[in-house]
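Residue numbers run from 1 in the order of the sequence given. Counting starts at 1 for both ligands and their atoms, following the listed order. All values below were derived from every heavy atom in this structure, side-chain atoms included, with hydrogens, water molecules and symmetry-related copies excluded.
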Amino acid sequence: MSSCPQAEGCPASCGVCLTDTILDMVWPKRKPVKQFLYIVEQNNTDLKLYDVIIIGGGPAGMSAALILARSRRNILIFDTGKQRNRMSDAMHGYLTRDGVSPAEFLKIARHELTCYDVEVQEVEIDFAEKTEDYFLVTDRNDQKYKCRKLLLATGLTDNIPDIEGIHDFYGKSVHHCPYCDGWEKRDKRIVVYGRGNAGHALSITMLNWTNNVILCTDGGKKPRQSQLAELKKRNVEIYTGKIDRLEGENGQLQKVHLCNGYTIDCNGMFFTNGYAQHSVLGRSLNCHYNMKNEIRVNHVQESSVEGLYVSGDAAHEMKLVIIAAGEGAKAAVAINVKLIEEDNARLLNS
Ligand SMILES: Cc1cc2nc3c(=O)[nH]c(=O)nc-3n(C[C@H](O)[C@H](O)[C@H](O)COP(=O)(O)OP(=O)(O)OC[C@H]3O[C@@H](n4cnc5c(N)ncnc54)[C@H](O)[C@@H]3O)c2cc1C
C-alpha cells in the first residue's frame, strides 16, 4: 500500500490509507462504516470466497460443519481449542455419548469431519465485519478471509469463584450444572456456592438430587429473608461467612474451610457465579444481546445481523452439549436454504 500523502494525523480521508486505518483500529472503533465499504471491497477481491466461515470448533461449530459439508458447501472453521467443558472429566446427558470425556467427544467429531472437505485453522479470529456482499474476518496474524454467511459458535467462559484450591477440583467434584453432573452426586453432601437469588435458586434445584445441601454465600449477598426461611424449611444449612480454602484428594473435594475457622465436610460443590461471552465478535458485528449478555437469535439461529448466525452457548438458549450441537445443525440447514435461494435468484436473473 502506498503511503498516505497527507501529513501525520491524517483522519483517514485521503482514500489511500483508508482501508488500513479502518482495519487497524481496535474494536469498538472498528465498526464497519458504510461509505468506506467500496475500499474494503477493492482490496479483498483476490481472497477466496467461502460459502460459510464458522468461528468456534466446539459441539455447535462442528455439528454445523457436518451438515454444511454434507450440503457440499465450502467451509472454513477457526478454533482455539478452549471449549467450555474442557476441564471436565466426563460429559453427561448426550445420548450415545453419556460419560465420554469432552476431549474424546471432540476427537470423534473431528474424525468424522475428515471424511468431508472441511478446512480447520487453529487460530483466533479477533475481528469480523460485514460488508454489503460478504463477511470479512481477520485472524490474529492479520490474515483476512471472506465468506457469504458467518456462524459464530464461540461459546462462553465461566466465572470460577476465586477460592484457594478450587482448580484442583473443578470439573471433577466442583461443578456448576446439576443436569450435567448432579446424578453422580445424588444423595451426597453437597455445598452450593452462590449469592442472593442465584444461590437460593441453585440450592432449591440441587434438592432434586440430594437432601443434603449446604449453601455458602462466601461473604457475599445473602438470599432474601423469605428465601432463607424457605431454605431452612427444606433443611438447607446456610453459611454466610467468607471461604478460606478447599481441601481434598485426587480431585475429590472433602472440606470447605471458612475464614472464621469452621470446616464443612462435603462430597462436592456446585457453584453459580455468572459467565461471559468467550469472544467479543458479536459486539463488533453489532448483534443484539439480551440482559444476560447472550446473543439474541431467531428460531433458525439468525442474529439481528442478516446472514450472521449464532449457535451454542453464545446464543440465548439452554447450555448443554446436545443443544449446542442441535443449534449448530439448525443454523447449518437455515444457512444452506438461504444460499440455495440466493444462487437460484441470481441464476434466474442472469
Ligand atoms: C465444567 C463444565 C462441565 C460441563 N459438562 C457438561 C455435560 O456434562 N453435559 C453437557 O451437555 N454440557 C456440559 N457443559 C456445558 C457445555 O460445555 C457447553 O454447553 C458446550 O461446550 C457448548 O458448546 P459450544 O460449541 O457452544 O461452545 P464451546 O464448547 O465452548 O466451544 C467454543 C469454541 O470456540 C472457540 N473460540 C472462541 N472464540 C474464538 C475465536 N475468536 N476464534 C477462534 N475460536 C474461538 C473456543 O476456543 C472453543 O473451542 C459443561 C460446562 C462446563 C463449564
Below 4.0 Å from ligand 1: does a non-hydrogen atom of Gly171 turn up there or not? no
Looking only at distance, does Pro59 have an N or O less than 3.5 Å from an N or O of ligand 1? yes
For ligand 1, which atoms have a heavy atom of Gly312 less than 4.0 angstrom away? 26 (O)
Check for me whether Tyr170 has a heavy atom closer than 4.0 Å to any atom of ligand 1. yes
From CA spacing to verdict: side-chain contact (heavy atoms from CB on, under 4.5 Å), Lys319, Tyr275: CA-CA 12 Å; Lys319 298 175 190 332; Tyr275 47 71; 3.5 Å; yes
Quick one: which of Ser88, Cys180, Ala314, Gly57 has a heavy atom closest to atom 14 (N) of ligand 1? Cys180
Answer with yes or no whether Val123 contacts ligand 1, where contact means a heavy atom under 4.0 Å from a ligand atom. yes
May I ask whether His278 places a heavy atom under 4.0 Å from ligand 1? yes
For atom 26 (O) of ligand 1, the closest protein heavy atom turns out to be Asp313 N, 2.9 Å
contact_flag Gly81 ligand 1 heavy-atom lt 4.0 Å: yes
Measure the distance from atom 34 (O) of ligand 1 to every protein heavy atom, then report the residue, atom name and distance (to 0.1 Å) of the closest one. Gly56 CA, 3.2 Å
Could you tell me which atoms of ligand 1, counted from 1 in the order shown, lie closer than 4.0 angstrom to a heavy atom of Glu124? 40 (C), 41 (N), 42 (N), 43 (C)
Provide the number and element of each atom of ligand 1 under 4.0 Å from a heavy atom of Lys82. 46 (C), 47 (O), 48 (C), 49 (O)
Measuring from non-hydrogen atoms of Cys177 to any atom of ligand 1, is the shortest distance under 4.0 Å? no
Please determine, by modelled atom types, if Gln121 and Asp139 share a side-chain donor-acceptor pair under 3.5 angstrom. no
Would you say Met62 touches ligand 1, if touching means a heavy atom closer than 4.0 Å? no
For Phe78, the ligand 1 atoms with a heavy-atom partner under 4.0 Å come out as 43 (C), 44 (N)
Describe, in one word, how the ring planes of Phe78 and Tyr145 are oriented to each other, choosing from parallel (under 30°), tilted (30 to 60°) and perpendicular (over 60°). perpendicular
